[in-house]
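Here the structure comes first, spelled out in structure tokens, and everything after it is commentary.
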Amino acid sequence: MTVVLYIACTLDGYIATPDGGVEWLSAVEIEGEDYGYRAFLDSVDALIMGSRTYEQIQSFGEWPYEDKLCWVMSRRVLRQAIPTVHVSHEAVEDLLKRLQNQGLDRVWLVGGSALVNMFERAGCIDEYIISVVPQLLGEGLPLFTPGRPQRTLRLVDSRQYPGGLVQLHYRTETTANK
């Protein structure tokens with residue numbers, strides 16, 4: 001099974017403002033351009049996200065992943081009104097083993113920062129697709145935090161889009177030769 005981090009961040013490495021806002025993403029919104037999002041979403045079997053990301057997506061209105069299985073990692077009790085959403089209190093490795101045993105092949109690690117860093121510390125991210133938005137927030141929720149192990153990545157693709165967004169696709173050295 002492959003775990004893919006597909007996420008946007010600012011040039012200075014933040015995924016949200018200090019209060020969790022993502023309004024800065026509007027700087028690269030171009031009508032008709034999805035930056036490969038639809039193709040990526042079609043390529044994954046399931047999603048794993050953190051509880052704050054889950055609650056933020058729910059606040060936007062209609063659940064956009066109705067046709068995908070989703071696991072929300074949380075120690076809190078969450079409202080689960082969506083039949084395809086499951087809350088997990090498991091360790092990263094235990095959840096991934098269970099998903100792999102269910103026959104899932106490609107999983108999207110949706111975020112946020114705490115979840116990304118939990119998977120990073122466990123060494124369980126195989127691919128990184130990071131869209132760098134030409135914004136400098138100066139402060140906020142960082143994509144990566146200190147305390148992770150060193151990891152060598154291999155660039156497999158990069159794309160520059162109108163509006164200045166650059167999308168970088170890396171694989172870990174262990175998955176680069178797959």
Contact check, side chains of Met73 and Leu95, non-hydrogen atoms, under 4.5 Å
yes
On a heavy-atom basis, the closest approach of Leu104 and Ala46 is CD1-CB, 3.8 Å
Determine whether Val72 and His86 satisfy the following criterion, side-chain contact (heavy atoms from CB on, under 4.5 Å), listing intermediate values before the conclusion.
CA-CA 6 Å; Val72 178; His86 311 279; over 6 Å; no
Taking every heavy atom of Leu115 against every heavy atom of Gly50, the minimum-distance pair comes out as CD2-N, 3.4 Å
Sequence neighbours excluded, the answer for salt bridge (Lys or Arg N to Asp or Glu O under 4.0 Å) partners of Glu90 is Arg98
Quiz: residues 19-27 side-chain donor-acceptor pairs under 3.5 angstrom, not counting sequence neighbours:
residue	atom	partner	partner atom	Å
Asp19	OD1	Thr17	OG1	2.4
Asp19	OD1	Gly21	N	3.2
Trp24	NE1	Gly21	O	3.4
Ser26	OG	Glu23	O	2.8

Tightest non-hydrogen contact, residues Pro64 and Ile57, listed as CD-CG2, 3.6 Å
Do Leu165 and Tyr14 share a hydrophobic cluster (ILVMFWY, side-chain heavy atoms under 4.5 Å, transitive)?
-> yes
Sorted by chain and residue number, the salt bridge (Lys or Arg N to Asp or Glu O under 4.0 Å) partners of Glu33 (sequence neighbours excluded) come out as none
Exercise. So do Leu96 and Val3 actually touch side chain to side chain, heavy atoms under 4.5 Å?
Worked result: yes
Between the CE atom in Met49 and the OG atom in Ser88, the distance rounded to the nearest 0.5 Å is 13.5 Å
Applied to residues 38-53, the salt bridge (charged side-chain N to carboxylate O under 4.0 Å, His left out) test, sequence neighbours excluded, yields Arg38-Asp42
Side chain to side chain donor-acceptor pair (under 3.5 Å) pairs touching residues 160-170, sequence neighbours excluded, are Glu127-His169, Ser131-Gln167
- Query: Is the closest side-chain heavy-atom distance between Ile30 and Pro162 below 4.5 Å?
  - Reply: yes
Residues Ala122 and Val92: closest non-hydrogen pair is CB-CG1, 4.1 Å
**Asked** Is a side-chain donor-acceptor pair under 3.5 Å present for Arg76 with Ser51?
**Response** yes
query: After noting the C-alpha distance and the side-chain angles of Leu109 and Ile125, does the key distance pass the side-chain contact (heavy atoms from CB on, under 4.5 Å) rule?
result: CA-CA 8 Å; Leu109 186 62; Ile125 302 175; 3.8 Å; yes
**Message:** Please tell me whether Leu99 and Leu5 are part of a single hydrophobic cluster in this structure, the criterion being side-chain heavy atoms less than 4.5 Å apart.
**Reply:** yes
Heavy-atom closest pair (Gly112 atom, Thr53 atom, distance to 0.1 Å) is N-OG1, 2.9 Å
For this session: State yes or no: do Tyr35 and Val132 share one hydrophobic cluster built from I, L, V, M, F, W and Y residues joined by side-chain heavy-atom distances below 4.5 Å, directly or via other members?
Result: no
Identify all side-chain donor-acceptor contacts of residues 134-150 below 3.5 Å with residues at least two apart in sequence or on another chain.
residue	atom	partner	partner atom	Å
Thr145	OG1	Asn117	OD1	3.2
Arg148	NE	Glu120	OE1	3.4
Arg148	NH1	Thr145	O	2.3

Notebook entry, point to check: Judged by modelled atom types alone, do Arg106 and Ser43 share a side-chain donor-acceptor pair under 3.5 Å?
Noted result: yes
- Would you please classify the geometry between the Tyr6 ring and the Phe40 ring as parallel, tilted or perpendicular, with 30° and 60° separating the classes? parallel
Closest non-hydrogen atoms of Gly123 and Arg151, given as atom of the first, atom of the second and distance, are CA-NH2, 3.4 Å
*What's the verdict on side-chain contact (heavy atoms from CB on, under 4.5 Å) for Leu47 and Leu69, showing C-alpha distance, side-chain angles and the deciding distance?*
CA-CA 6 Å; Leu47 293 72; Leu69 293 172; over 6 Å; no
Quiz item: Are Val28 and Leu41 co-members of a hydrophobic cluster defined by side-chain heavy atoms under 4.5 Å apart?
Solution: no
dist Lys97:NZ -> Gln100:CD (nearest 0.5 Å) comes out at 9.0 Å
- Can the ring centroids of Trp71 and Tyr54 be said to lie less than 6.0 angstrom from one another? no
**OP:** Compare all side-chain heavy atoms of Phe119 with those of Cys124 and state whether any distance is below 4.5 angstrom.
**Re:** yes
*Mind checking whether Ile48 and Met1 sit in one hydrophobic cluster, side chains of I, L, V, M, F, W, Y counted as touching below 4.5 Å?*
yes
Working note: Trp63 + Val85, criterion side-chain contact (heavy atoms from CB on, under 4.5 Å); need CA distance, chi angles, decisive distance, verdict.
CA-CA 10 Å; Trp63 182 248; Val85 174; 3.8 Å; yes
field: Check: Tyr128 and Ile7 side chains under 4.5 Å, non-hydrogen atoms
entry: no
